[in-house]
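See structure below.
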Number of protein chains: 2
Amino acid sequence: MTTAEPACTADQLPSAARGGPVGMTLARAARAHRIAMGRRLRELGLYPGQELMMMVLWDCGAVRQSELIHSLGLDPSTVTKMLQRLEQCGLVLRRPDPSDRRAVLVETTEEGRALRGGVERAWSDLEESSLAGIGPDDRAELARLLDLVADNLREEAEEAGDCPPLNC
Amino acid sequence: MTTAEPACTADQLPSAARGGPVGMTLARAARAHRIAMGRRLRELGLYPGQELMMMVLWDCGAVRQSELIHSLGLDPSTVTKMLQRLEQCGLVLRRPDPSDRRAVLVETTEEGRALRGGVERAWSDLEESSLAGIGPDDRAELARLLDLVADNLREEAEEAGDCPPLNC
DNA sequence: CAGTATTGATTGGCTGGCCAAGGAATGGGT
DNA sequence: ACCCATTCCTTGGCCAGCCAATCAATACTG
């Protein structure tokens, strides 16, 4: 034993998570994924999370802030602050909605649009890197199962209160 | 069309993520998972992330802080601040390591140990909820594929610098 | 038409988490 | 014995993201 003794069962599944091994694996993989994405985004001058907001703006043109909130599933205050920073960086432009003086319209600037290629490349590149050695069938299976999980959790979330008055 | 027009392709995969659909699905599922876990943890007085630290402490007894850092894969400063808060909540106890005056030994208090059952139940419960309708074979397959992804990403992370001097 | 409810957005405060920089204590090399 | 590199931890600053409370503008209802 030349290695300093691990002092306990380090690096393995914590025993308190034995009842949720898949969830733990999901959390681990997603964290690594987010970190790897963060590495790529840093070279573009973005922080993790911001690229998702930019994606919506690239797709939608001028959007109401409430649309962003709903589309990203984030807290309104989170969106406000992210937009303030993105605006200060010159990536985004905000102006009052003439048809509703409460609302704010958001759109990307030219500088913001310039990042699109880099972000798309980052996502493709990370996809290839993270799925290396996994065949197309397994990839599809993974996506299918993750979607099922997301559906289950979305159902639970709706029961838990954040149910927008769509069906109730 | 009674619903307010979506203004664009809301709620679908952002077009900039077409190159990484699995990664996007992974991120979505993991976010929902973390939020669902957060709901359960709030009833225990914990924030998401803290339960993982407690798990290590429950398993290991008194641990050096550096062990925690390595075991959780977090930044040292993150661990320091989390421990300061957990200590102030009375869930954790810190004392200097007599054999190395730089180091700090961390262990749970009785009050901290009392949360173990609740956290285990929360994980089991979330596992069942998130995997509802998914058979044992598919669960195993999901775990296997997620582990592959995590392995790929860990490899990439090591190449990217955070390689602890284990093999080099 | 007046009064109330709902929606849109902001602020403040809190946590998780990162990076960069710094200060102690230990260990290794000459 | 001395100096230097390494290890262990802390601080400060920043961003994502949440909740609670708040204000302004619109919509709804009696």
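Throughout, a chain's letter reflects where its sequence line sits, starting with A, and its residues are numbered from 1.
For A:P76, the listed nucleotide lying nearest its side chain is C:dT10; candidates were C:dT10, C:dT26, D:dC9. Taking only side-chain atoms of A:Y47, from C-beta outward, the nucleotide of D:dC19, C:dT11, D:dC15 with the closest atom is D:dC15. Between C:dG8, D:dA16, C:dC18, one nucleotide has an atom nearer to the side chain of A:R102 than all others, and that is C:dG8. In this structure, the nucleotide among C:dC19, D:dA16, D:dC9 sitting nearest to the side chain of B:A103 is D:dC9. Distances from the side chain of B:V104 to the nucleotides D:dT10, C:dC19, C:dA25 place D:dT10 closest. Closest approach to the A:M82 side chain among C:dT15, D:dT10, D:dA16 is made by D:dA16 (side chain taken as heavy atoms from C-beta onward). Residue A:Q65 places its side chain closer to C:dA9 than to any other of D:dC8, C:dA9, D:dT10.
Rounded to whole Å, atom C1' of D:dT7 lies 9 Å from atom CZ of B:R64. B:L72 has its CG atom 13 Å from the P atom of D:dC9, to the nearest Å.
Across the interface with DNA chain D, nearest-nucleotide mapping of B:I69 and A:R101 shows B:I69 to be the residue nearer the 5′ end. Comparing A:R94 and A:R31 by the nucleotide of DNA chain C whose heavy atom lies nearest to each, the residue mapping closer to the 5' end is A:R94.
In summary, of the residues considered (B:R94, B:R113, B:R95), a salt bridge (Lys or Arg N to Asp or Glu O under 4.0 Å) with B:E107 occurs for B:R95 alone.
Looking at B:E127, its side chain does come within 3.5 Å of a backbone N or O of A:G23 through a donor-acceptor pair.
For D:dC15, neither phosphate oxygen OP1 nor OP2 lies less than 4.0 angstrom from any side-chain nitrogen or oxygen of A:R42. At D:dA16, one or more side-chain N or O atoms of A:R85 fall inside 4.0 Å of OP1 or OP2 (strictly under the cut-off).
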